[in-house]
Colleague: 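The structure under discussion is supplied below as structure tokens; questions concerning it will follow.
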Amino acid sequence: MVNPFHLMPGPKVWPIFGCGLNYSKFGKYSFERLHLAKIDYYKRYGNIYRERLGPMWIVNLFSPDDMAKVFRAEGRYPNRPALPIVTAGHKHDGIRLGLGSLGGKEWHKLRTSITKIMMRPKAATLYLPAQNKVADDFVQFLKESRNEKMQIPDFYNQILKYTMESIGTVCFNTRLGTLSHDLKADSEAYKMVMGSAAMFDGVVRTTYAFPWYMLFRTKLYKQFKWGKETCEKIAQIYIDKTLERLKNTNDGNEAHESEVTFLTTLLESGKVSKEEALDITVDLFTAAIDSTASALSFAIYNLSKHPEKQEKLYQEIKDVVGDGGDVTADQLDKMHYLKACIKESFRLNFPIEGGTRRILEESLELGGYKVPKGTLIAMNAQTTCLMEEYFDKPFEYVPERWMKDGSAELNPPPAFTMMPFGYGPRMCVGRRFAEQEIYLALMKMVGHFKLGYTGKGIGMLNRVFTMPDSPLTVTFTER
Ligand code: HEM
């Protein structure tokens, strides 16, 4: 029997505020630690519940079968809500909606122009030589940055510089120079770091705030806009330099191999205008930084907390790569335990609060209820990934569970539980690049240092992406 939507369980809905007060200072929960609310709600309501935030109904799912049903029902143009601050920017100042915020045919046109370039299996390996060099420089930077406790002060921000530097080689074929101990305030790299931080902070703080910024250009809105414009200005400088070099070296023929960048490939595809290509490149650059940094931080943390797993990984690195040098695509293919370590870290510290979201294009039966068209569906993989029902020893770090050799002696993880990059035609377009950056950083770090951990355990903080809730006090001892 299918029940009507209004019978679906969920927290009390107040007039005007809906369920929002639960996350305010009058409530039990906070948006920063939304995962704790989700765990409570799961215990109280089971596999499905609904809540209303502002005018919007949100249906929360915990069952992988229901999540699969949503993905299977999505059509040609899967619909995900845009970031609210981006929508406000579009309304106030005509800020263009990017790939992550567009819907329908407009989204599809942009997406098809880059899916082939970015999603084919070997898409990222073209950038391996440049990204190897960035990872080497990061290790050197860490070596020189250690304090007397062998820790890296402000480690999270240094990781952000690595991810920015690494994706910079893809987007602009240029070294930005962020991995410097002496970053000058008037340098392009410094401005890029500051701009990206201001913009991301604006995104995070407005996503869960009362939407005054939809009505007025609030202080936070101005900060976001300043950050975005700063990044765009600097990106434009790099892009112009690349195009200038291309003009001089290539006499109108295909780009010289050393000048192949994401941007040049996009331009040569003939599918987008020069202006669109510039926009897409800047969008990808900004989408890549915090997302990859937060995933990399938890991967480092989990390995530093589990020395026996780290040693196993070290052995794999020695066996596959030997004593150093550039990591090749063939070697990456053989790094099975490394990939298992990263997957397990994604499971324990799922990178996106809740998980992927969709707006239903048609009404759908979920968990025994008829959910109307237009409802926002939150697929709470973050909670599901820690449930005993689906994972043996859910709170333990066991990379072996992802190995196909059966070494874990645990039940294999079920389908539709682990989707850190989303699913279907709208899944993360930068996945291969994020993974490559994380592989390289971990291989070089674990190859050079024994990572140790002395501080208290790290929890998760929801800042659009899941971030460590306290400083990462990892120790770096040379091998
Ligand atoms: C570990 C790092 C990353 C994680 C965990 C992550 C996760 C995600 C997720 C969950 C989505 C939504 C997918 C869906 O709705 O099904 C997404 C979308 C997206 N990601 Fe990532 N991402 C990461 C890194 C990157 C990188 C490196 C880039 C760029 C090079 C990038 C660019 C994008 C873009 C442009 C979208 C929107 C795609 C669309 O709507 O068509 N991401 N990401």
Side-chain angles (χ1 to χ4, degrees), residues 67-68 70-71 74 76-83 86 97-115 117-119 123-124 127 131 159-160 162-172 196 200 203 235 261-263 266 279-300 339 342-343 345-347 349-359 376-382 385 416 418-442 460 463-467:
M67 297 183 202
V70 174
F71 286 126
E74 67 186 13
R76 204 166 144 75
Y77 312 122
N79 197 354
R80 204 184 41 233
L83 286 170
V86 176
L97 298 176
L99 188 65
S101 306
L102 282 169
K105 288 193 178 144
E106 281 180 294
W107 164 78
H108 192 252
K109 178 180 177 253
L110 270 197
R111 178 79 196 211
T112 39
S113 69
I114 61 170
T115 292
I117 303 175
M118 297 195 74
M119 297 292 286
Y127 303 94
Q131 291 191 313
I159 296 176
L160 276 173
Y162 165 72
T163 56
M164 185 183 279
E165 193 70 29
S166 195
I167 199 68
T169 63
V170 177
C171 289
F172 312 121
S196 146
F200 190 67
V203 168
T261 62
F262 173 73
L263 179 74
L266 198 55
D279 280 348
I280 295 173
T281 309
V282 174
D283 264 6
L284 290 175
F285 177 72
T286 47
I289 299 165
D290 293 79
S291 52
T292 314
S294 58
L296 178 55
S297 330
F298 280 111
I300 295 170
K339 290 170 191 171
I342 295 166
K343 266 192 171 173
S345 184
F346 272 136
R347 186 190 67 79
N349 303 106
F350 199 83
I352 299 224
E353 179 279 309
T356 303
R357 296 176 164 223
R358 288 289 181 269
I359 297 172
L376 176 59
I377 308 290
M379 285 168 266
N380 290 296
Q382 195 173 54
C385 276
F416 287 97
M418 260 291 285
M419 300 168 288
F421 294 97
Y423 185 83
R426 194 126 203 194
M427 78 177 294
C428 177
V429 78
R431 173 184 188 156
R432 296 196 188 287
F433 294 85
E435 287 175 337
Q436 183 160 294
E437 283 176 34
I438 297 172
Y439 297 156
L440 288 174
L442 289 182
M460 295 189 282
R463 285 178 55 84
V464 177
F465 291 100
T466 309
M467 283 178 54

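One-based numbering, in listed order, for ligands and for the atoms of each.
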Colleague: Is the closest heavy-atom distance from F285 to ligand 1 below 4.0 Å?
Modeller: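 The answer is no: ligand 1 sits nowhere under 4.0 Å from a heavy atom of F285.
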
Colleague: So which heavy atom in the protein is nearest atom 28 (C) of ligand 1, and how far is it from that ligand atom?
Modeller: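 Its nearest protein heavy-atom neighbour is G430 CA, 3.5 Å.
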
Colleague: Would you say R431 and ligand 1 have an N/O pair spaced under 3.5 Å apart?
Modeller: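 No.
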
Colleague: Which ligand 1 atoms are under 4.0 Å away from a heavy-atom of P420?
Modeller: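 Contacts of ligand 1 toward P420, numbered from 1: 5 (C), 7 (C), 10 (C).
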
Colleague: If I apply the N/O under 3.5 Å rule, does R357 come out as touching ligand 1?
Modeller: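 No; every N/O pair is 3.5 Å or more apart.
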
Colleague: Report yes or no: does R432 contribute a side-chain atom to a donor-acceptor pair with the main-chain N or O of M119 at less than 3.5 Å?
Modeller: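 Yes, the answer is positive, given that a donor and an acceptor are paired below the 3.5 Å cut-off.
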
Colleague: Identify the protein heavy atom lying closest to atom 29 (C) of ligand 1, giving its residue, its atom name and the separation to 0.1 Å.
Modeller: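 Of every protein heavy atom, L284 O, 3.5 Å lies nearest to atom 29 (C) of ligand 1.
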
Colleague: Specify the closest pair of heavy atoms between K343 and M418, including all atoms of both residues, with the distance to one decimal.
Modeller: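 The answer is O-CE, 3.4 Å.
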
Colleague: Examine F298 together with F465 and report whether their ring centres are nearer than 6.0 Å.
Modeller: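 No; F465 has its ring centre 6.0 Å or more from that of F298.
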
Colleague: Of the side chain and backbone of Y423, name the one, both, or neither that has a heavy atom under 4.0 Å from an atom of ligand 1.
Modeller: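 For Y423, only backbone atoms sit under 4.0 Å from ligand 1.
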
Colleague: Evaluate side chain to side chain donor-acceptor pair (under 3.5 Å) for Q436 paired with Q131, printing each intermediate quantity in order.
Modeller: CA-CA 8 Å; Q436 183 160 294; Q131 291 191 313; 2.9 Å; yes

Colleague: Enumerate the atoms of ligand 1 whose separation from the nearest heavy atom of A295 is less than 4.0 angstrom.
Modeller: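 Checking each atom against A295, I get 1 (C).
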
Colleague: Which bit of R426 is near ligand 1, meaning a heavy atom under 4.0 Å away: side chain, backbone, both or neither?
Modeller: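 Both backbone and side chain.
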
Colleague: Counting only heavy atoms, which portion of I352 has something under 4.0 Å from ligand 1: side chain, backbone, both, or neither?
Modeller: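 Under 4.0 Å from ligand 1, I352 contributes side-chain atoms alone.
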
Colleague: Could you list the atoms of ligand 1 found under 4.0 angstrom from a heavy atom of G422?
Modeller: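 Listed by number with element, the hits are 10 (C), 13 (C), 14 (C), 16 (O).
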
Colleague: With a cut-off of 4.0 Å, which atoms of ligand 1 are near a heavy atom of P351?
Modeller: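 Reading through ligand 1 atom by atom, the close ones are 5 (C).
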
Colleague: State whether the side chain of R357 and the backbone N or O of I377 hold a donor-acceptor pair below 3.5 Å, judged by distance alone.
Modeller: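 Not confirmed, R357 side chain does not pair with I377 backbone.
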
Colleague: Which protein non-hydrogen atom lies closest to atom 12 (C) of ligand 1, naming both residue and atom, and how far is it?
Modeller: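 In this structure, atom 12 (C) of ligand 1 has R80 NH1, 3.4 Å as its nearest protein heavy atom.
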
Colleague: Run the contact test for R358 against ligand 1 with a 4.0 Å cut-off on heavy atoms, strictly below, and give the result.
Modeller: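 The answer is yes: ligand 1 sits under 4.0 Å from a heavy atom of R358.
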
Colleague: Can you confirm, on distance only, whether ligand 1 has an N/O atom lying under 3.5 Å from any N/O atom belonging to S291?
Modeller: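 There is no such contact.
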
Colleague: Between Q382 and G355, is there a donor-acceptor pair closer than 3.5 Å when you use the side chain of the first and the backbone of the second?
Modeller: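 Side chain of Q382 to backbone of G355, a donor-acceptor pair under 3.5 Å: no, none is there.
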
Colleague: Please answer whether the main-chain N or O of A299 pairs with a side-chain N or O of S345 as donor and acceptor at a distance below 3.5 Å.
Modeller: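 Side chain of S345 to backbone of A299: a pair is present.
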
Colleague: With heavy-atom distances below 4.5 Å as the criterion, would you say the side chains of M118 and L284 are in contact?
Modeller: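 The answer is yes; the side chains approach within 4.5 Å.
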
Colleague: Quick check: does any side chain N or O of R347 sit under 3.5 Å from a backbone N or O of C385, one acting as donor and the other as acceptor?
Modeller: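 Yes, R347 side chain to C385 backbone: donor-acceptor pair under 3.5 Å.
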
Colleague: With a 3.5 Å distance limit and no angle check, can you tell me whether S297 reaches the backbone of A293 through a side-chain donor-acceptor pair?
Modeller: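 Indeed, once roles are kept as given, a pair shorter than 3.5 Å links the two residues.
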
Colleague: Nearest 0.5 Å, please: how far is CZ in F172 from OG1 in T281?
Modeller: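 Here the rounded value is 7.0 Å.
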
Colleague: Look at atom 34 (C) of ligand 1 and say which protein heavy atom is nearest, naming residue and atom and giving the distance to 0.1 Å.
Modeller: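 Closest protein heavy atom to atom 34 (C) of ligand 1: V429 CG1, 3.8 Å.
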
Colleague: Report the nearest protein non-hydrogen atom to atom 8 (C) of ligand 1: residue, atom name, distance rounded to 0.1 Å.
Modeller: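 In this structure, atom 8 (C) of ligand 1 has C428 CB, 3.5 Å as its nearest protein heavy atom.
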
Colleague: As a check for students: among G355, G103, A287, identify the option with a heavy atom nearest to atom 32 (C) of ligand 1.
Modeller: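 Answer by nearest heavy atom: A287.
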
Colleague: Can you report which non-hydrogen protein atom sits closest to atom 27 (C) of ligand 1, along with the distance?
Modeller: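 Going atom by atom, the protein heavy atom closest to atom 27 (C) of ligand 1 ends up being A288 CB, 3.4 Å.
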
Colleague: Side chain, backbone, both or neither: which applies to T356 and ligand 1 if a contact is any heavy-atom pair less than 4.0 Å apart?
Modeller: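 The answer is the side chain.
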
Colleague: Counting only N and O atoms by type, is there a donor-acceptor contact under 3.5 Å from the side chain of S166 to the main-chain atoms of T163?
Modeller: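 Pair absent, no side-chain N/O of S166 close to backbone of T163.
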
Colleague: Looking only at protein heavy atoms, which one is nearest to atom 38 (C) of ligand 1, and how far off is it?
Modeller: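 Protein heavy atom with the smallest distance to atom 38 (C) of ligand 1: R111 NH1, 3.4 Å.
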
Colleague: Compute the ring centroids of F416 and Y423, then answer whether they are less than 6.0 Å apart.
Modeller: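 When the ring centroids of F416 and Y423 are compared, they turn out to be within the sub-6.0 Å range.
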
Colleague: Considering only the protein, which heavy-atom contact is closest to atom 4 (C) of ligand 1, and what is its distance?
Modeller: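 Here the closest protein heavy atom is F421 CE2, 3.5 Å.
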
Colleague: Can you see whether Y439 has K339 sitting over its ring - NZ or CZ less than 6.0 Å from the centre and within 45° of the normal?
Modeller: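 Cation-pi check for K339 and Y439: passes.
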
Colleague: Within the 4.0 Å heavy-atom shell around W107, which atoms of ligand 1 are there?
Modeller: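 Matching atoms, with element in brackets: 39 (C), 40 (O), 41 (O).
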
Colleague: Does T292 come within less than 4.0 Å of ligand 1, judged by its heavy atoms?
Modeller: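 The answer is yes, since T292 has a heavy atom less than 4.0 Å from ligand 1.
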
